[in-house]
Amino acid sequence: MACVTDLAKRLYAKSLSGVKYPMQQAPPTTPEHSPLLGMLPNQIKELCASQGQAEFRAKQLYQWIYHHAADSYDAMSNLPKAWRDQLASGHQIGRVAPHRVDISSDGTKKYLFATSPGRFVESAWIPENQRATLCLSTQVGCKMGCVFCATGRQGFQSQLTAGQIVNQYLSLPERESITNIVYMGMGEPFDNPEAVFDSLALFTDPLGIGLSPHKITVSTIGIIPVMKEFLVRSDCNLAISIHSPFEDERRALMPIQHVYPIAELVQVLKENPLAASRKLSFEYIMFAGLNDSLGHARELVRLINGLRAQVNLIHYHSVPSLSLQGSDDQTMRDFQDLLKQKGIMTTIRKSRGLDIQAACGLLSTKELVKTTLEDF
């Protein structure tokens, strides 16, 4: 009888219809064989010291992994061959190529990555004019249970490591084109805080990947203790998923409201304002007849009054088995106009990648797994 891992490989190889790459498995996680990708500078130093290497070798190795995005030891030409062989015998670099890519009619690409046997995560590359945004994931599935989200309906499966988060960037063929990164894919970033903080450090370290923190946005539904830590530990931008300014409505949509009410979250932001160089935004999915009245707009103005923030209005895309429907375009424009009249910068976010299920709220591998099992 085939083992579960082999079965998962055959299921995905048989029935996924997108452009596929050879199946990649996540690297082993035992300390003596831990992948290099995801290690911070101090961990690289400790590894080099344990192998009798001079301190400057740690900087070279670190830069090969992150700055030069090396995917093989052979590429690390200024490291001694004997040491490269020693590293290769105990540590994979940790780069895992995407298993599948779906391409939208608007140019958006949705990538599927294997994170461990039978588990997968999705991210999206979204080109637009002179910029290209990578929407990456932090968890396989999600624990938060927001009723409108496809990822939440998948349930929680596992946390991603810092290396698996960074891998979604380093392994993309379009890596050099990426101008912005948003932590808005599968999972709640602040439910996986240390991996997220480590990945942010690797993305923004000038000796590492070297991206500007002002080009990176982390989105959260509002886990307040971790958000407070983020405000201190990071210079990246912050996005808050709000979706209703009224507590009872938000509680029905987002169970997190029971634990961390939106009013308390907003008060924390008012007491700890972001530096002028950082951006604060509120994400607001609009549901027809539920949260899209002008009364909601006025209450939202009252709630966030005093904050230097932008509101992003988002089209809702129906999830199977849910009765929720998205607001029409005119309703969204009226909502936007009222906020702008009150001095709040407000945009209506254009939906991208809808035909490949890559638009906001649709990332999930649950239906892929279900389809493959039915077709097998």
Side-chain angles (χ1 to χ4, degrees), residues 8 12 16 18 24 26 38 96 98-102 104 108-126 133-172 180-200 203 216-223 226 239-241 243 254-256 283 285 314 316-317 319-320 322 351-354 356-372:
Y12 274 83
L16 292 183
Q24 303 275 334
V96 178
H99 171 55
R100 163 190 167 124
V101 58
D102 290 301
S104 169
T108 298
K109 294 182 180 181
K110 183 176 72 171
Y111 284 96
L112 181 75
F113 293 91
T115 61
S116 60
R119 290 180 177 174
F120 299 83
V121 71
E122 293 179 322
S123 57
W125 176 77
I126 309 166
T133 300
L134 173 63
C135 178
L136 55 72
S137 297
T138 57
Q139 298 177 311
V140 183
C142 185
K143 304 175 187 176
M144 299 297 110
C146 299
V147 300
F148 50 83
C149 178
T151 303
R153 295 178 70 80
Q154 172 177 330
F156 176 76
Q157 296 179 43
S158 64
Q159 303 281 24
L160 297 189
T161 66
Q164 289 170 329
I165 295 172
V166 171
N167 178 72
Q168 295 170 67
Y169 170 87
L170 288 178
S171 67
L172 286 197
N180 297 78
I181 291 177
V182 292
Y183 284 61
M184 296 182 184
M186 295 174 63
E188 161 56 48
F190 288 169
D191 189 42
N192 187 13
E194 288 311 313
V196 166
F197 286 133
D198 286 353
S199 67
L200 290 173
F203 275 129
I216 300 176
T217 299
V218 178
S219 178
T220 179
I221 63 173
I223 300 178
V226 183
I240 306 294
S241 296
H243 309 321
M254 307 169 69
I256 194 69
E283 311 292 298
I285 298 176
I314 301 171
Y316 173 67
H317 306 293
V319 174
L322 291 182
S351 296
R352 300 294 303 275
L354 185 57
I356 57 169
Q357 300 291 295
C360 183
L362 295 182
L363 291 182
S364 173
T365 60
K366 181 178 181 179
E367 290 306 311
L368 288 174
V369 173
K370 178 180 177 182
T371 300
T372 58

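Keep in mind that this is a model prediction, so the values were computed, not measured.
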Chemist: Are the side chains of Cys135 and Ser123 in touch, meaning some heavy atoms are under 4.5 Å apart?
Modeler: no

Chemist: Taking the side chain as every heavy atom from C-beta outward, state whether Pro189 and Ser219 have any atom pair closer than 4.5 Å.
Modeler: no

Chemist: Which pair of non-hydrogen atoms, one from Tyr111 and one from Trp125, has the smallest distance, and what is that distance?
Modeler: CE1-CB, 4.4 Å

Chemist: Test Phe120 against Phe113 for ring-ring contact (aromatic ring centres under 6.0 Å, His included), laying out the working first.
Modeler: CA-CA 5 Å; Phe120 299 83; Phe113 293 91; over 10 Å; no

Chemist: Would you say Tyr183 and Ser199 are linked by a side-chain donor-acceptor pair, where the criterion is simply a distance under 3.5 Å?
Modeler: yes

Chemist: Looking at Glu188 and Met144, would you say the former's side chain and the latter's main chain have a donor-acceptor pair under 3.5 Å?
Modeler: no

Chemist: Does the side chain of Leu136 come within less than 4.5 Å of Phe203's, by heavy atoms?
Modeler: yes

Chemist: Do the side chain of Asp102 and the main chain of Lys110 share a donor and acceptor less than 3.5 angstrom apart?
Modeler: no

Chemist: Between CD1 of Ile181 and OG1 of Thr133, what distance do you get to the nearest 0.5 Å?
Modeler: 9.5 Å

Chemist: Quick one: does Ser137's side chain have a donor or acceptor within less than 3.5 Å of a partner on Met186's backbone?
Modeler: yes

Chemist: Of the non-hydrogen atoms in Gln159 and Gln139, which two are nearest, and what is the gap between them?
Modeler: OE1-NE2, 2.9 Å

Chemist: Does any part of the side chain of Met184, heavy atoms only, come nearer than 4.5 Å to the side chain of Thr217, both counted from C-beta?
Modeler: yes

Chemist: If we ignore hydrogens and angles and just use 3.5 Å, is the side chain of Thr220 paired with the main-chain N or O of Gly222 as donor and acceptor?
Modeler: yes

Chemist: I want to check something: taking the side chain as every heavy atom from C-beta on, are Val140 and Gln154 in contact at a cut-off of under 4.5 Å?
Modeler: yes

Chemist: Ignoring hydrogens and geometry, is there a side-chain-to-backbone donor-acceptor pair from Arg119 to Gln157 under 3.5 Å?
Modeler: yes

Chemist: Measure the shortest side-chain to side-chain distance between Ile223 and Ile256 over non-hydrogen atoms and say whether it is less than 4.5 angstrom.
Modeler: yes

Chemist: Check Pro255 against Gly145 and note the closest heavy-atom contact, atom names and distance.
Modeler: CD-O, 3.5 Å

Chemist: Determine whether a donor-acceptor pair (N or O, by modelled atom type, separation under 3.5 Å) exists between the side chain of Asn167 and the backbone of Val96.
Modeler: yes

Chemist: Determine the minimum heavy-atom distance between Glu283 and Ala239, stating which atoms define it.
Modeler: OE2-CB, 3.9 Å

Chemist: Does a side-chain heavy-atom distance below 4.5 Å link Leu160 with Gln168?
Modeler: yes

Chemist: So, do Phe190 and Val218 sit near enough that their side-chain heavy atoms are less than 4.5 Å apart?
Modeler: yes

Chemist: Only counting residues at least two apart or in another chain, list the ones meeting salt bridge (Lys or Arg N to Asp or Glu O under 4.0 Å) with Asp191.
Modeler: Lys143

Chemist: Do any pairs count as a salt bridge (charged side-chain N to carboxylate O under 4.0 Å, His left out) and have a residue in residues 157-170, sequence neighbours left out, and if so which ones?
Modeler: none

Chemist: Which distance, rounded to the nearest 0.5 Å, do you find between the CD of Glu122 and the CG of Leu112?
Modeler: 6.0 Å

Chemist: Quick one: does any side-chain atom of Gln164 pair with a main-chain N or O of Thr115 as donor and acceptor, under 3.5 Å?
Modeler: yes

Chemist: When rounded to the nearest 0.5 angstrom, what is the spacing between CZ in Arg153 and SG in Cys146?
Modeler: 12.0 Å

Chemist: For the backbone of Ile285 and the side chain of His243, can you confirm whether one donor and one acceptor N or O come within less than 3.5 Å of each other?
Modeler: yes

